[in-house]
Amino acid sequence: MSAPAITPVFVRLKLSLLRNGLRQSGGRKAAYITSAVFALLFAALQLIGLIALRGHAHAESVVVLAVAVLGLGWAVMPLFFPSGDETLDPTRLVMLPLRPRPLVRALLTASLVGIGPLFTLCLLVGSVIAVARGGAAFAVGAVAVVLALLVCVALARAVAAANVRLLTSRKGRDLAVLSGLVIAIGAQIVNFGAQRLGASGLGELDPAAEVLQWVPPASAIGAVHAVSEGSYGRAVAQLALSAGALVALLALWSRHLTRLMTSPDGSTLPSAESAAKERSSTGLARLLPAGRTGTVMDRSLRYVWRDPKTKAAWVTSLAIGLIVPVFNAWQGTGSVYFACFAAGMLGIQMYNQFGQDTSAFWMVAMTISSARDAYVELRARAYALLLITLPYATLVTVVTTAMLGDWRRLPEALGLSFALLGAMLATGAWTSARFPYSIPQEGYKNVAPGQTGLAWISIFGGMMAAALLCAPVIALTIWLNVSADGDDWTWLLLPAGTAYGAVLTAAGLKLAAPRTARRLPEILAAVSKG
């Protein structure tokens, strides 16, 4: 007696998971329906746009790049959004008597149910229509759509299976927090690419498309264009590449499933040797000052390295602080003053200092009994931030200046950066005591429910105050640049901006310390809310 087919069971299981997930709450149902409507609307508009490309000289380049980016998206989405689909975790099936090959077939079919596959199908169909000419090309296009769709889904499944132990652990879920960095960097790259295309036309895409048309799943769409041009040999080779990639991904997926089903989970357990090494290593702590200052600095730096949300905020600020001035300088439209963006992005990390501690702040509060204790605590946190920010802001300013070749303005750009950094440290210390809010440790939210207003006042109000505090240095910079003989004195902006930033920082810490000592119970209640 043959075993019953499990593929229909898994398809029904996928539909049940989607249906039951929507029943959990009205908010979740509304969010899902809204996202589905927007995704399908975008897919429809994209399909219309691709069809409108039909007959365009560079249509092939556009669709090949679009499918290549789509494949990349399928590869990285499981890493950043592992909780978006419960069926991505095959370890839930380890107690069932299932063999890898039927399981792969069933999971692959179930994976075709959802908004993502439907969106992908629309893009692939539009791509085929954009480049296909003749009945043979459309026939190959039907095969290419199926191949490309299966490659995308199998790629996501293989990546998820290879990393499922990590993705289902606490550290793996914390990885999703870094998705903001990917989005930020991707947005800047897309912006840069759009500006280049606007200036030079779609012909700029041809060199990249020539390479990517041989990379699955884009090679399947390249085969359709090859048939339209009568290059049947090239079309066969490109289809063979996509088919080979599908077979390889399925084999890799099957191998990882076998390993997951038969081996114990020791991926998240550190070895005794590594744990002992971590305990015995002092690292940077030996170079920090003695006493409370060094202890607080060490704790703050450990948060940057170990706490997922703190790390994500720092990495995102470091990346954007470099990308904005460098990309603008690369395009020839930038200015050395854009380098101040690095100091501004990193200065934001001084805001809501106590909220970063969450409920653990009570241990810090137990050590603060006077305004002096609060001052030392805030000063040490500012020192830890400066340890990273000062060299980084200097590096970004020097790199931007070198790309623009405007070395004469380096001292004033550095002076402005240091003044802005000092102003943000001052306002950040004060708003940390006046408008603290909690940062939830789980999920993707950075503000606890009901505290959004506090976050807006703290960050944006503090930034506006910092900009006003920098007005004297900005006015001095403008005056020296418009003055007849001011160019001979612009170098003074470096020491002046540095000294002004240091004075602002000291004043801000002095003003924030008494308020912090008085409001410890309120701060503790606010930061522990999440």
>> To check you understand the geometry: which heavy-atom pair defines the closest contact between N352 and P436, and what is its length?
In response: OD1-CA, 3.7 Å
>> Holding to salt bridge (charged side-chain N to carboxylate O under 4.0 Å, His left out), I want the full list of residues that pass it with E229, two or more places apart in sequence or in another chain.
In response: R234
> Listed by chain and number, what are the ring-ring contact (aromatic ring centres under 6.0 Å, His included) partners of F341, not counting sequence neighbours?
Replying inline: none
>> W305 vs T310, test: side chain to side chain donor-acceptor pair (under 3.5 Å). Steps then yes/no.
In response: CA-CA 8 Å; W305 181 250; T310 304; over 6 Å; no
>> Working to the nearest 0.5 angstrom, can you tell me the gap between T7 OG1 and L103 CG?
In response: 9.5 Å
>> With a 4.5 Å cut-off on side-chain heavy atoms, are M424 and Y351 touching?
In response: yes
> Nearest heavy-atom pair of S335 and L404: which atoms, and what distance?
Replying inline: C-CD1, 3.5 Å
> Can you find a pair of side-chain heavy atoms, one from V159 and one from W74, that are under 4.5 Å apart?
Replying inline: no
> Distance from L420 atom CG to M463 atom CE, nearest 0.5 Å?
Replying inline: 8.5 Å
> Are the side chain of T431 and the backbone of G428 linked by a donor-acceptor contact shorter than 3.5 Å?
Replying inline: yes
> Tell me, do F361 and Q356 make a side-chain contact under 4.5 Å, heavy atoms counted?
Replying inline: no
>> Do Y437 and I459 have side chains that approach each other closer than 4.5 Å (heavy atoms only, starting at C-beta)?
In response: yes
>> Just so I know, are the side chains of F10 and L15 near enough to count as touching, which here means a heavy-atom distance under 4.5 Å?
In response: no
> Parallel under 30°, tilted from 30 to 60°, perpendicular over 60°: which one fits the rings of H58 and H56?
Replying inline: tilted
>> Quick one: does any side-chain atom of S228 pair with a main-chain N or O of V224 as donor and acceptor, under 3.5 Å?
In response: yes
>> Please report the interatomic distance CG(L123) to CG(L149), rounded to the nearest 0.5 Å.
In response: 11.0 Å
>> On a heavy-atom basis, which atom in G321 and which in V396 lie closest, and how many Å separate them?
In response: O-CG1, 3.7 Å
>> What's the separation between atom CE in M350 and atom CZ in R381, rounded to the nearest 0.5 Å?
In response: 8.0 Å
> Which atoms form the tightest heavy-atom contact between V151 and P217, and what is the distance?
Replying inline: CG1-CB, 4.0 Å
> Heavy-atom count around W456 CH2 within 6.0 Å, excluding the residue itself: above 12?
Replying inline: no
> Between CD1 of I115 and OG1 of T120, what distance do you get to the nearest 0.5 Å?
Replying inline: 11.5 Å
>> Could you check whether any side-chain N or O of Q238 sits under 3.5 Å from a backbone N or O of Q213, counting only pairs where one atom can act as donor and the other as acceptor?
In response: yes
> Can you find a heavy atom in the side chain of L239 that is under 4.5 Å from one in the side chain of L147?
Replying inline: yes
> Considering only heavy atoms from C-beta outward, does the side chain of F338 approach that of V326 to under 4.5 Å?
Replying inline: no
> Under the side chain to side chain donor-acceptor pair (under 3.5 Å) test, which residues partner S242, sequence neighbours left out?
Replying inline: S219
>> For a side-chain contact (heavy atoms from CB on, under 4.5 Å) check, start with the C-alpha distance between W214 and L241, then their side-chain angles and the critical distance, and finish with the verdict.
In response: CA-CA 7 Å; W214 296 98; L241 278 173; 3.6 Å; yes
> Atom OG1 of T109 and atom NZ of K14: how far apart are they, to the nearest 0.5 Å?
Replying inline: 11.0 Å
> Does a side-chain heavy-atom distance below 4.5 Å link Y392 with L322?
Replying inline: yes
> Do you know the tightest heavy-atom contact between L108 and W253?
Replying inline: N-CH2, 3.6 Å
